[in-house]
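Any value given below was found using the heavy atoms of this structure, including those in side chains, with hydrogens, waters and symmetry copies removed. Below, chains carry the letters A, B, ... as their sequence lines are ordered, and counting in each starts from 1.
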Number of protein chains: 2
Amino acid sequence: MGPTPSRDSGKPRYLQIADDLVQQIEHQILPPGEQVPSESDLMKKYGASQGTVRKAIAELRATGLVETRHGKGSYVKRRPPVRRKSSDRFRRSHRMAGKAAYLAEAEQAGSKPSVSVLYVGPAEASEEIAERLSVPVGERVLARRRLYFSDGIPTEEATSYLPWDIAKDIPELFEENPGGGGIYARLEEHGHRLKELTETVRVRLATKQEISALSLSPGSPIIHLTRNAESESGRVVEVCDTFMAADQFVLEYRIPAGD
Amino acid sequence: MGPTPSRDSGKPRYLQIADDLVQQIEHQILPPGEQVPSESDLMKKYGASQGTVRKAIAELRATGLVETRHGKGSYVKRRPPVRRKSSDRFRRSHRMAGKAAYLAEAEQAGSKPSVSVLYVGPAEASEEIAERLSVPVGERVLARRRLYFSDGIPTEEATSYLPWDIAKDIPELFEENPGGGGIYARLEEHGHRLKELTETVRVRLATKQEISALSLSPGSPIIHLTRNAESESGRVVEVCDTFMAADQFVLEYRIPAGD
DNA sequence: GAGTGGTCTAGACCACTGT
DNA sequence: CAGTGGTCTAGACCACTCG
């Protein structure tokens, strides 16, 4: 009758242990940020072998409750506030208010946003980018790759591509900070009035590179969002690829019912 | 120099084995639908223990390349054609053409769609549904729950909720098949002309129930899509919750750049 | 160094699927 | 029944982190 839940249900031992740990986390006996007992502690406590307690912890990791650092231990994840990404962020009125889309949204969510520019400069259009921008493969384009942080932790990586003949006349696009309203505001000031944006949403499990770039746990789903910005002349004047941790975002779209 | 890739890199053995299997799958040496060699075969082939080859297979399962059936074996997944879900599917012109959104899209994708109605009838509004429909919690609403199949395999489960006072005057909504153009067409015929739809996209790992309902593998990400349909009178006349296997869909949204 | 997680083995037994 | 995957053990060794 000890505190150890060793009752035999039909359930595998490793799931019983996992469930017990889930209970402790939900009841804040293991509060966010706290270290989960080490494998050897758990082996003693549950009278199980290392393989079994490891499987239990792997279970918690898979459901995103815990993250594990080699040589240190497993820690209860602090539930990050969900960031909301609304299609409204592209409204012209928001740009006129002088805010870039990302900062406006982050402020609204009450977190401290920051941006790190990884690269701004010329690049050769890959097959996919060339197709989306309707330029020849290998053509020079302007690439702008940024990493966005919220409260200091990386949440989102985005890369924009613009046709060189458009970008070359807009010096602000070569700056790290393109100025109030972001690059869309600059494009519109230079006569490229936007007509429509097309976004696609894809989901898959993160690759190893993305895991390290966004410091995720293995097995985390990520959202791959692409956007094409079409001007009123019918030309695609910018495309953007964004990668973000799926569990930290809610995307919102308003769709007119017309036509 | 045997066919066995036992070169020692720094990589763990189970990942080497996994990579080798991935190669065989990508080069169609293990074609879709084929059974992966059994654990004991792999143990012999790679000279590894059961635990190690199991971890290798678990890796393939996590990346969705393979699915495992207890007592039978692991099988290379048939890559299902990706289904595209475009916001255009709500255009009025499509409804007028007499097609429901789902069927129209599936046809375009070249797959044989079918629908199974799980429930049509009254239900009590949960807190969340009540909030979205602006009715009191517990109020009677019409619920329509369907399971969608593509080529016989379940891909998507959706539940619509409509306020009772609206639904009660539209007898087709109580039928399994609401008729050409779907329920939105019926709503518009009865004076509820739609103004705007708001969709939200959330992603998370599938729960055990969803795994069985959509016959997924554990650890698969799923997309939870919610939609609120607002009529020109400003009232939300329908809300819908959809769950789908994330790796089988690409969502597409067209966003007007105006205002 | 002591303590942590990460990999691997050899063997055991159980549970499910077919014939 | 034989063959498959699923669980578990006991012990070994390696790799990372921190004082």
Side-chain angles (χ1 to χ4, degrees), chain A residues 4-21 30 33-62 65-77 208 211-212 215-219, chain B residues 4-21 30 33-62 65-77 208 211-212 215-219:
Chain A
T4 308
S6 38
R7 342 223 172 312
D8 47 39
S9 43
K11 252 192 197 167
R13 194 87 180 85
Y14 77 93
L15 284 182
Q16 296 179 32
I17 297 174
D19 285 349
D20 192 49
L21 291 172
L30 288 173
E34 187 88 346
Q35 178 171 1
V36 176
S38 73
E39 291 179 354
S40 47
D41 284 353
L42 293 174
M43 288 165 68
K44 275 177 277 185
K45 170 164 182 188
Y46 294 104
S49 68
Q50 194 200 19
T52 304
V53 307
R54 274 184 71 73
K55 251 195 130 174
I57 292 181
E59 203 66 18
L60 301 196
R61 219 185 358 248
L65 270 180
V66 135
E67 85 190 309
T68 298
R69 284 180 291 231
H70 190 171
K72 296 199 66 177
S74 293
Y75 297 81
V76 180
K77 266 204 202 166
K208 294 174 182 66
I211 286 170
S212 67
S215 60
L216 305 174
S217 341
Chain B
T4 310
S6 39
R7 342 219 177 314
D8 46 44
S9 44
K11 249 192 197 166
R13 193 89 181 85
Y14 76 93
L15 285 183
Q16 297 178 30
I17 297 173
D19 285 349
D20 192 48
L21 291 172
L30 289 173
E34 186 87 348
Q35 180 171 1
V36 176
S38 72
E39 292 180 354
S40 48
D41 285 352
L42 294 174
M43 288 166 67
K44 274 178 277 185
K45 169 164 183 187
Y46 294 104
S49 68
Q50 194 199 21
T52 303
V53 306
R54 276 185 70 72
K55 251 194 129 176
I57 293 180
E59 203 66 18
L60 300 197
R61 221 186 354 250
L65 270 179
V66 136
E67 84 189 312
T68 299
R69 285 181 294 235
H70 190 170
K72 297 199 64 181
S74 293
Y75 297 82
V76 179
K77 267 204 202 165
K208 295 176 181 61
I211 286 169
S212 67
S215 60
L216 305 174
S217 336

Asker: How long is the line joining CG of B/Leu42 and P of D/dG3, in whole Å?
Answerer: 16 Å
Asker: Would you call B/Ile17 and B/Thr52 a side-chain contact if the rule is heavy atoms closer than 4.5 Å?
Answerer: yes
Asker: Do any side-chain nitrogens or oxygens of A/Tyr14 fall under 4.0 Å of OP1 or OP2 in D/dC8?
Answerer: no
Asker: Could you state the CD-P distance from A/Glu59 to D/dG6, rounded to the nearest angstrom?
Answerer: 13 Å
Asker: Does D/dT7 have its OP1 or OP2 closer than 4.0 Å to a side-chain nitrogen or oxygen of A/Thr52?
Answerer: no
Asker: Write down the distance between NZ (A/Lys11) and C1' (C/dC14), rounded to a whole number of angstrom.
Answerer: 19 Å
Asker: Which whole-number value in Å describes the distance from B/Met43 CE to C/dA12 C1'?
Answerer: 12 Å
Asker: Checking the side chain of B/Arg13 only, and the main-chain atoms of B/Tyr46 only, is there a donor and an acceptor separated by less than 3.5 Å?
Answerer: yes
Asker: Respond yes when some side-chain nitrogen or oxygen of A/Ser40 is under 4.0 Å from OP1 or OP2 of C/dT4, and no when none is.
Answerer: yes
Asker: Please check the phosphate of C/dT7 (OP1 and OP2 only) for any side-chain N or O of B/Lys55 closer than 4.0 Å.
Answerer: yes
Asker: What is the distance from CZ of A/Arg13 to C1' of C/dC14, rounded to the nearest Å?
Answerer: 16 Å
Asker: Between A/Gln35 (side chain) and A/Val76 (backbone), is there a donor-acceptor pair under 3.5 Å?
Answerer: no
Asker: C/dA15 P sits how many Å from A/Leu15 CG, rounded?
Answerer: 15 Å
Asker: Please report, rounded to the nearest Å, how far the C1' atom of D/dT4 is from the CD atom of B/Gln35.
Answerer: 8 Å
Asker: Would you mind checking if A/Glu39 and A/Arg54 are paired as a salt bridge, meaning a charged N to carboxylate O distance below 4.0 Å?
Answerer: yes
Asker: Ignoring backbone atoms, test whether B/Ser49 places a side-chain nitrogen or oxygen under 4.0 Å from the OP1 or OP2 oxygen of C/dA10.
Answerer: no
Asker: Enter the distance from B/His70:NE2 to B/Lys72:NZ here, rounded to the nearest 0.5 Å.
Answerer: 13.0 Å
Asker: Between A/Gly51 and B/Glu39, which residue's closest nucleotide on DNA chain D lies nearer the 5′ terminus?
Answerer: B/Glu39
Asker: Within the structure, does a side-chain N or O atom of B/Lys72 lie under 4.0 Å from either OP1 or OP2 of C/dG18?
Answerer: yes
Asker: Which nucleotide sits closest to the side chain of A/Arg54: C/dG6, D/dT7, D/dG5?
Answerer: C/dG6
Asker: Mind calculating the distance between CD (A/Gln50) and C1' (D/dC8) to the nearest angstrom?
Answerer: 13 Å
